[in-house]
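Notes follow the structure.
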Amino acid sequence: MSNVSCCRSCGSGELSRILNIGETPLANALLAESDLNKEEKKYPLVLLWCPACTLLQISENVPGDILFSHYVYQSSFSDAFLSHCKTLSSQITREQKLNDASLVIDIASNDGYLLQFYKEQNIPVLGIEPATNIAAIATKKGIETKNVFFTEAVAKTLPKADVVHAHNVLPHVGNQRDFVRGIKQLLKPDGVAVIEFAYAVDTIEHVEFDQIYHEHMCYFSLTAFDALVKAADLSVVRVEKVVVHGGSLRVFLKHTSAPIDASVTMMLKQEEEWGVGSIDTYQSFATKTHALRTSLVDLLQKLKLKGKRIAAYGASAKGCTLMHFCGIGKDVIDYVVDRSTTKQGLYTPGTHLKIEPVEKLVEDRPDYVLLLTWNFAEEILKQQKEYREQGGAFIVPVPSPKIV
């Protein structure tokens, strides 16, 4: 692990401290029962802001081989996210006029959740996935996948692509500049890169502090992203807002000769007016985060004093941040449920809560469930209709705690 001394994007050494989450374990470092008595490593988690390019970033670098060589998150366990990806693949296929002579590359392709929809249309695909266990799952599905970390050097060994996808991966990258140079290397002259990431403006506005964890090294506004890709001689030619993961941006990159859509200039102007370049914007976020912690802890304590039983839904990375920042543990939460079969039977990092199948909510009937995966609230609340009809209720913690 190393401390960040200058901005990951522009290199400026003038970084301002915004929010100290404290020392936390790695958010996806789930534990087997045999690991519970072993010492767990914890790392500082501090949010910084760069006044020069406006990039939000954390203060530490945890090596990628520690974070991602073995991974427990599979994108395919969310029906809503799969629907999102199927719609996107159809859109890109039409816009780029893809066919069986085209090539689509997905960086951090996970279990093939996106590429499978191109493959169904007989469009050649290639996944790049650093997690050995997840790459094996994709390969078993018939998705050609290279088990490697993506870098500019790796890009030079790959064929040129008509479309390059990179969804929810850029914030996980320590060397931002190398990553976008690699994307430039992959693109055919008329190719397009489609990048999605949680939108920093929504993160700030909706007090989504639990988006902050060691895997997420950076948090991008369009302003910060535009500065990064311009340095690699690429252009943001279009931008769209999408609702996944608490509010995300979908940006389209091309070589610099391509025309730029009005959506780009409009959003850059909106961000300037919002205060993307003012430290006051981010200090206000820190104040609201501390207030959210106080109100959530107060709510949970009042329920426990009434003798209520509380479980949690989602053994998620954001859940790890929320529970550690708020000091929520076994004294409050009985267990966690999760749809992912790869997580069931394991334990949450630091808090050591057992991860059970979601069916346990109906069987056990806890009074309340703290929804740690609030970004999929609509989907989960529908899935848990039977539990709710039995009298169970969910606590949605962000942007302010409420019972539904």
Side-chain angles (χ1 to χ4, degrees), residues 9 84-110 112-130 138 143-146 148-173 175-197 220 222 225-242 248-265 267:
S9 177
H84 167 80
C85 293
K86 185 173 185 177
T87 300
L88 173 62
S89 66
S90 297
Q91 174 190 331
I92 299 301
T93 298
R94 290 193 307 270
E95 289 180 357
Q96 299 302 118
K97 299 180 174 59
L98 301 179
N99 54 43
D100 59 7
S102 306
L103 177 62
V104 177
I105 292 178
D106 187 14
I107 303 169
S109 52
N110 200 264
Y113 68 97
L114 172 61
L115 292 180
Q116 63 184 335
F117 297 116
Y118 286 106
K119 188 176 175 65
E120 287 174 1
Q121 301 174 78
N122 297 315
I123 298 168
V125 299
L126 175 63
I128 311 297
E129 173 53 50
I143 306 294
E144 182 182 354
T145 304
K146 288 188 176 293
V148 65
F149 283 93
F150 180 77
T151 63
E152 183 181 13
V154 167
K156 291 178 179 178
T157 70
L158 301 175
K160 300 284 187 180
D162 299 272
V163 177
V164 175
H165 283 283
H167 295 253
N168 306 304
V169 58
L170 184 62
H172 296 67
V173 175
N175 192 335
Q176 304 282 323
R177 287 170 281 189
D178 178 85
F179 189 87
V180 294
R181 288 196 301 265
I183 290 175
K184 180 176 176 64
Q185 176 69 33
L186 282 184
L187 283 178
K188 290 181 179 179
D190 58 348
V192 62
V194 185
I195 319 291
E196 286 187 9
F197 46 82
F220 283 95
L222 182 60
F225 183 77
D226 188 53
L228 173 66
V229 299
K230 278 181 176 175
D233 200 27
L234 288 168
S235 290
V236 178
V237 296
R238 193 165 104 224
V239 62
E240 299 172 354
K241 284 200 70 175
V242 291
S248 296
L249 284 191
R250 177 186 296 156
V251 293
F252 297 80
L253 295 183
K254 290 191 174 183
H255 295 289
T256 51
S257 58
I260 296 175
D261 185 76
S263 60
V264 178
T265 52
M267 184 170 287

Check whether any side-chain heavy atom of [X] sits under 4.5 Å from a side-chain heavy atom of [Y], and report yes or no.
X	Y	answer
Ile195	Leu253	yes
Val163	Val192	yes
Leu228	Phe220	yes

Work out which heavy atom in [X] is nearest to a heavy atom in [Y]; give both atom names and the distance.
X	Y	result
Gly112	Ile143	CA-CG1, 4.3 Å
Ala166	Val169	CB-CG1, 3.6 Å
Val194	His167	O-NE2, 3.9 Å
Val239	Ser263	N-OG, 3.2 Å

Query raised in the report: If you draw a 6.0 Å radius around NZ in Lys160, do more than 12 non-hydrogen atoms from other residues or ligands fall strictly inside?
Result: yes
Query - Within 6.0 angstrom of Lys86 NZ, more than 12 heavy atoms from elsewhere - result: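 Not buried by this count: 12 neighbours or fewer within 6.0 Å.
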Query - With sequence neighbours excluded, residues passing side chain to side chain contact (heavy atoms under 4.5 Å, CB included) with Pro124 - result: Leu103
Requested in this report: Show your reasoning for whether side chain to side chain contact (heavy atoms under 4.5 Å, CB included) applies to Leu249 and Lys241.
Outcome: CA-CA 5 Å; Leu249 284 191; Lys241 284 200 70 175; 3.8 Å; yes
Please check if the side chain of [X] supplies one atom and the backbone of [Y] the other of a donor-acceptor pair under 3.5 Å.
X	Y	result
Glu95	Ile92	no
Glu129	Asn110	yes
Thr151	Val154	yes

Requested in this report: Take Leu170 and Phe225 through the test side chain to side chain contact (heavy atoms under 4.5 Å, CB included) and record every step on the way to the result.
Outcome: CA-CA 10 Å; Leu170 184 62; Phe225 183 77; 3.4 Å; yes
Return the [atom1] to [atom2] distance between [X] and [Y], rounded to the nearest 0.5 Å.
X	Y	atom1	atom2	result
Ile128	Phe149	CD1	CZ	12.5 Å
Ser235	Lys230	OG	NZ	7.5 Å
Glu144	Ile105	CD	CD1	9.5 Å
Leu98	Thr93	CG	OG1	5.0 Å
Thr87	Phe117	OG1	CZ	8.5 Å
Arg250	His84	CZ	NE2	5.0 Å

List the atom pairs, donor and acceptor, that lie under 3.5 Å between side-chain atoms in residues 179-186 and the rest of the protein, sequence neighbours left out.
residue: Arg181; atom: NE; partner: Glu152; partner atom: OE1; Å: 3.0
residue: Lys184; atom: NZ; partner: Asp233; partner atom: O; Å: 3.3
residue: Lys184; atom: NZ; partner: His255; partner atom: ND1; Å: 3.2

Requested in this report: Tell me, with the steps shown, if Leu187 and Val164 meet side chain to side chain contact (heavy atoms under 4.5 Å, CB included).
Outcome: CA-CA 7 Å; Leu187 283 178; Val164 175; 3.8 Å; yes
Report task. List the steps and the verdict of side chain to side chain contact (heavy atoms under 4.5 Å, CB included) for Glu120 and Ser89. Result -> CA-CA 10 Å; Glu120 287 174 1; Ser89 66; over 6 Å; no
